[in-house]
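Take a look at the structure set out below.
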Amino acid sequence: MAKAPVLTPQAEDFPRWYQDLINKAELADNGPVRGTMVIRPYGYGLWERMQQEMDARIKKAGAQNAYFPMFIPQSYLTKEAEHVEGFAPELAVVTHGGGKELEEPVVVRPTSETIINEYFSKWVQSHRDLPLLINQWANVVRWELRPRVFLRTTEFLWQEGHTAHATYEDARAYASRIHTDVYGDFMTNVLGIDVVLGRKTAKERFAGAINTLTLEGMMGDGKALQMGTSHELGQNFAKAFNTTYQLQGAEREFVWQTSWGVSTRMVGGLIMSHGDDNGLRVPPRLAAVQVVVLAIKGEDAVLAKVREIGAQLEAAGVRVVVDDRTDTPFGRRAVDWELKGVPLRIEVGPRDLEAGTAMLVRRIAGGKEPVQADSLAAVVPGILEEDQAQLLRESRERREARTVDVKTIDEAVEAAATGWGRISWADLGPEGEAKLAEQGVSVRCLVAADGTVPATDDQDGNLALVARAY
């Protein structure tokens, strides 16, 4: 009898494969309240690496980290009508505290535009206070009706940036900088996902924004995942919260603002972009563990060698774990690390010692080969970079192969069954967008004919990318 696969094959049931992988690779569990999740140490390690890489880019863009309360007076949300209308179905509201009914209900943070603007209005007095560039790492709560771990959960982790500027042009340029230099660079060069940078349609914009920039990734099953967004808020929140700065003399002007964020949804995107039927495949630049060195047997000489190799790799700047748990069968340990997607395994047993070699197993490129043990510290960094490039190449090739040009709504729906459709926005328009939505297909973003981000919705030559989405 054939041995049952560890994971449900992707081709058989992609959603089941996704859930199997999260469980078997010990990434997360469902929380006790519907829609919540418990992120396990290995999964949280991926998120921590994402935080580190993103935080460095955010700070390079000039923003500073701060923290704001998770409880927001309900009255704050009512100040910007479009914003509260957009979030009303998802709000969690606290009406009692300390055994008493609260004088004013408080909302558990769904996003922080309102509370941050309350303080921006205090902190900004003159043009010398601008630009004000703030970021926070936090949790948010949005009551989710169709939860899926990492992709859509009632509570999730994220960063949210909020900025105030003296001019429309400055705010617009900063939103674009975050979109490209922070998010685009991270997702392409660290996550290894060939995201499309585009502009959301008016229907898909963030509630209260005048423009939303998005990054869309194609998952392994051809569906789209919104990986992050950067919003131009115009002066909508500034007017609601009277956030102004003084020009020369007594004249005051409303600030121009942006907000932007990415979340633990990126972990889901990582899984669905790079995972295969054997488990996760983690991009080397992201991986908390780039190399695991496994002892096949518990002999003293073998254990000493794996620890020596581990120390040499660590000294070479490689993030490495030494697995010398020889009381657990080697085969089980090898499968566990394969499920977790560690880019390289280095396996050492008695015969390897005799030959002066170690077995190098590549998770991303596949295959295994003996390598001289004393050369590992020199060759491993280059192999990791090769594998990083391969994941990005595979992501790009999949997107290009499964994106087709279409001319009608029927053709767009057909294309979205297996990938993405690309259609003229002038031909589709808001009416066509509504008809697509009736069939479960959405306009993910608008792109210019040359693949760049359009300046306006109605820019000549705009193309709409349409797909089914998570």
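Just so you know, these numbers use all the heavy atoms, side chains as well, and skip hydrogens, waters and symmetry mates. Note that the structure is predicted; figures quoted are calculated from it, not measured. Positions are given from 1, in the same order as the sequence printed here.
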Any chance the side chains of S126 and Q246 put a donor and an acceptor closer than 3.5 Å?
-> no
Lys/Arg N to Asp/Glu carboxylate O, E433 vs K203, below 4.0 Å = no
Of all the heavy-atom pairs spanning F156 and S263, show the shortest one and how long it is.
-> CD1-CB, 3.7 Å
H274 side chain vs L191 backbone, donor-acceptor pair below 3.5 Å | yes
Going by an N to O cut-off under 4.0 Å, is there a salt bridge joining D276 and R363?
-> yes
Given the options E385, E53, Q388, R285 meets side-chain hydrogen bond (donor to acceptor under 3.5 Å, both in side chains) only with E385
Return yes if a side-chain donor-acceptor contact under 3.5 Å exists between E160 and S259, otherwise no.
-> no
Can R362 and E386 be counted as an ion pair, charged N to O under 4.0 angstrom?
-> yes
Would you call R57-D185 a salt bridge at under 4.0 Å N-O?
-> yes
Can you name the nearest heavy-atom pair linking L463 to A449, along with the distance?
-> CD1-CA, 4.3 Å
Below 4.0 angstrom, N of the basic side chain to O of the carboxylate: do D427 and K407 qualify?
-> no
What is the ring orientation for F14 with Y470, classed by angle as parallel under 30°, tilted 30 to 60°, or perpendicular over 60°?
-> tilted
Taking only Lys NZ, Arg NE, NH1 and NH2, and the carboxylate oxygens of Asp or Glu, determine whether D55 and K59 approach each other closer than 4.0 Å.
-> yes
Taking NZ, NE, NH1 and NH2 as the nitrogens, is one of them in R199 or E204 under 4.0 Å from a carboxylate oxygen of the other?
-> no
Separation between CG (D29) and OG1 (T36), nearest 0.5 Å, reads 10.5 Å
Between E431 and K435, is the closest basic N to carboxylate O distance under 4.0 Å?
-> no
Single hit among T229, T212, T214 for side-chain contact (heavy atoms from CB on, under 4.5 Å) with R205 = T212
Can you tell me if Q136 and Q64 form a side-chain donor-acceptor pair at under 3.5 Å?
-> no
Between CZ of R399 and CD of E397, what distance do you get to the nearest 0.5 Å?
-> 11.0 Å
Under 3.5 Å, is there a donor-acceptor pair between the Q10 and D277 side chains?
-> no
Look only at the side chain of Y245 and the backbone of V255, and say whether a donor-acceptor pair between them is shorter than 3.5 Å.
-> no
Pairing of E118 and K79 as salt bridge, 4.0 angstrom limit | yes
E216 with K200: basic N within carboxylate O range, under 4.0 Å | yes
Are F206 and H231 close enough that their ring centers fall under 6.0 Å?
-> yes
Taking the six-membered ring for Trp, are W123 and F120 parallel (under 30°), tilted (30 to 60°) or perpendicular (over 60°)?
-> tilted
Considering all heavy atoms, the nearest S395-G192 contact = CB-O, 3.7 Å
May I ask you to decide if the ring planes of Y174 and H165 are parallel, tilted or perpendicular, using 30° and 60° as cut-offs?
-> tilted
Can you measure from CZ (F254) to OG1 (T243) and round to the nearest 0.5 angstrom?
-> 8.5 Å
Strictly by modelled atom types, are D13 and Y18 linked by a side-chain donor-acceptor pair under 3.5 Å?
-> no
Is the backbone of L339 close enough, under 3.5 Å, to the side chain of N278 for a donor and an acceptor to pair up by distance?
-> no
